Protein chains: 2
Amino acid sequence: MREGPDIARIASLVGDPARANMLSALMGGTALTASELALEAGVSLPTASSHLSKLMEGGLLTLASQGRHRYYGLAGPQVAGMIEAITGVAEAVGPKRVRPGPRDAAMRVARVCYDHLAGEQAVAMLDRLVDKKVLLRDDKEIRLGPSAASHFAALGIDFEAKARRPVCRACLDWSVRRSHLAGTLGAAILDKILAEKWARREKDSRAVMFSPTGRQAFEKVFLA
Amino acid sequence: MREGPDIARIASLVGDPARANMLSALMGGTALTASELALEAGVSLPTASSHLSKLMEGGLLTLASQGRHRYYGLAGPQVAGMIEAITGVAEAVGPKRVRPGPRDAAMRVARVCYDHLAGEQAVAMLDRLVDKKVLLRDDKEIRLGPSAASHFAALGIDFEAKARRPVCRACLDWSVRRSHLAGTLGAAILDKILAEKWARREKDSRAVMFSPTGRQAFEKVFLA
DNA sequence: GCAATGTTTCGACCGTGCTCGAAGCGTCGC
DNA sequence: GCGACGCTTCGAGCACGGTCGAAACATTGC
């Protein structure tokens, strides 16, 4: 009955949990592939694809095809602002949120983000690697420093052997609100952590649980 | 999978057309009753009531019970800001809106808003009544001026005879973005317009169509 | 060329939630 | 008190949209 722009259409796009998770994931500013977004949203690939096409049709996303990868990103700052506004209301209105249980606390410390480590530990690790000039961070970009090759080789981490993805990539951490390390290097480090049995993945969760000795080893290698 | 505030919950509340219409109607700042909101949304009273309780539960609305009337209003400026942000995206993203047809143009000029007149004609009428000091407007409130009683009596408009609602009320016009006159006086004026056959209601629409002579009469009385 | 990987389309299933009529409750006017 | 009015609750019907498996399509690497 009421005229004007179709706000219900836009809001209902954000109103599905899977799509909301995707949009939240994209709030970091980096474009993500359909597979990554499917993992973030916790749905299968076909489902994610369906959601993504709806978001595209609604004008909320942009698409950049690069080879067989398709990178989805937020359409612009106006869309980001809208998500921000909705998040603000959700936060203000929902103090009824159950207090974080042990699972949530663990997620905050360390968890899997697609194929690399995220959480406080991951953010601290990246900070330390930048401090030591092993990696170079300018603005939003991360590059390998001159000593990177030898540094990681000494640790037995081989990040070149993997597929052709960017070696380093910044990934915004939702809990800490700062970047952690993604890309093939981030993936290789997670592999290393799991291979050395410093930590194990919690079943049916993204949480990564360090053993006491594993934590010491990790901190000695990456946070020293 | 992703944590943080439940933005899907909030967005899906806005994502239903009926609820979106209600929220848009409340963007004017004045609280409205369940019946008024049902009309705005174009749904039955039970349906509207169900939506309203959901919006209440979601924390988007406040409720002020006055006798047997229950006035619903937006919970606060943060909620209003969110609606505004969503509206902005919907506007920016939907230039695919079909160009306004004759029906829409007519709606812009004059239409029914619950029980009173809205649109350009209504806004102009209120401006003129204020100019002539028949009505007094300070800030958002509208009151009767000293000459109001005799002025409307001379026109054969009896606004006291109606139920116990505020005589004057400002109602924000979506098309003009300025206030028009609601309340029992606004209703009485619309009654007059239809009784005099200056205009008729378009079937299945809120548009009000003035006849050529009716328009002249209306302008002579209210816009002179 | 063929196999591997990333992504979309198709088809079918199923549940959530929107919808309204009828009935129940609370408030006001006489 | 009784009737009128405003609103909410209950119950049942129904459609829309989310979900996934299988298969098709596209791109790359060998």
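What you see is a predicted model; the values in this text were computed from it and never measured. Just so it is clear: chains get the letters A, B, ... in the order the sequence lines come, proteins before strands, and each one is counted from 1.
- Atom CE of A:M22 and atom P of D:dG18 are 11 Å apart (whole Å).
- Atom CG of B:L37 and atom P of D:dG6 are 14 Å apart (whole Å).
- For C:dG6, neither phosphate oxygen OP1 nor OP2 lies less than 4.0 angstrom from any side-chain nitrogen or oxygen of A:Y72.
- For the pair B:E57 CD and D:dT9 P, the computed distance is 11 Å after rounding to whole Å.
- The distance between atom CG of B:L63 and atom P of C:dG26, rounded to the nearest whole Å, is 16 Å.
- Regarding B:L52, its CG atom lies at a distance of 13 Å from the P atom of C:dC18, rounded to whole Å.
- Atom pair B:R19:CZ and C:dT19:C1' shows a separation of 12 Å (rounding to whole Å applied).
- Across all their heavy atoms, A:A75 and A:G59 have their closest contact at CB-O, 3.4 Å.
- A 4.5 Å side-chain heavy-atom check between A:L194 and A:L190 finds at least one atom pair inside the cut-off.
- Between C:dG6 and A:Y71, no contact under 4.0 Å exists linking OP1 or OP2 to a side-chain N or O.
- In this entry the distance linking CG of A:L32 with P of C:dG6 reads 15 Å, nearest Å.
- Residues satisfying the ring pair (Phe, Tyr, Trp, His ring centres under 6.0 Å) criterion with A:F152, sequence neighbours excluded, are A:F159.
- Taking each heavy atom of B:I7 and A:S24 in turn, the nearest pair found is CD1-OG, 4.0 Å.
- Summarising the geometry, atom OH belonging to A:Y72 is positioned 9.5 Å from atom CG belonging to A:L55; distances are rounded to the nearest 0.5 Å.
- Put simply, CG on A:L55 is 15 Å from C1' on C:dT8, counting in whole angstrom units.
- The shortest side-chain heavy-atom distance between B:I189 and B:L117 does not fall under the 4.5 Å cut-off.
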So which protein nitrogen or oxygen atoms get under 3.5 Å of nucleotides 19-23 of chain D's nitrogens or oxygens?
residue, atom, partner, partner atom, Å
D:dT19, OP2, A:H51, NE2, 2.6
D:dC20, OP2, A:S44, N, 3.1
D:dC20, OP2, A:S44, OG, 3.2
D:dC20, OP2, A:T47, OG1, 2.8

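- Between atom CD1 of residue B:I157 and atom NE2 of residue B:H151 there is a gap of 7.5 Å, rounded to the nearest 0.5 Å.
- Taking side-chain N and O atoms only, A:R70 has a distance below 4.0 Å to OP1 or OP2 of C:dT8.
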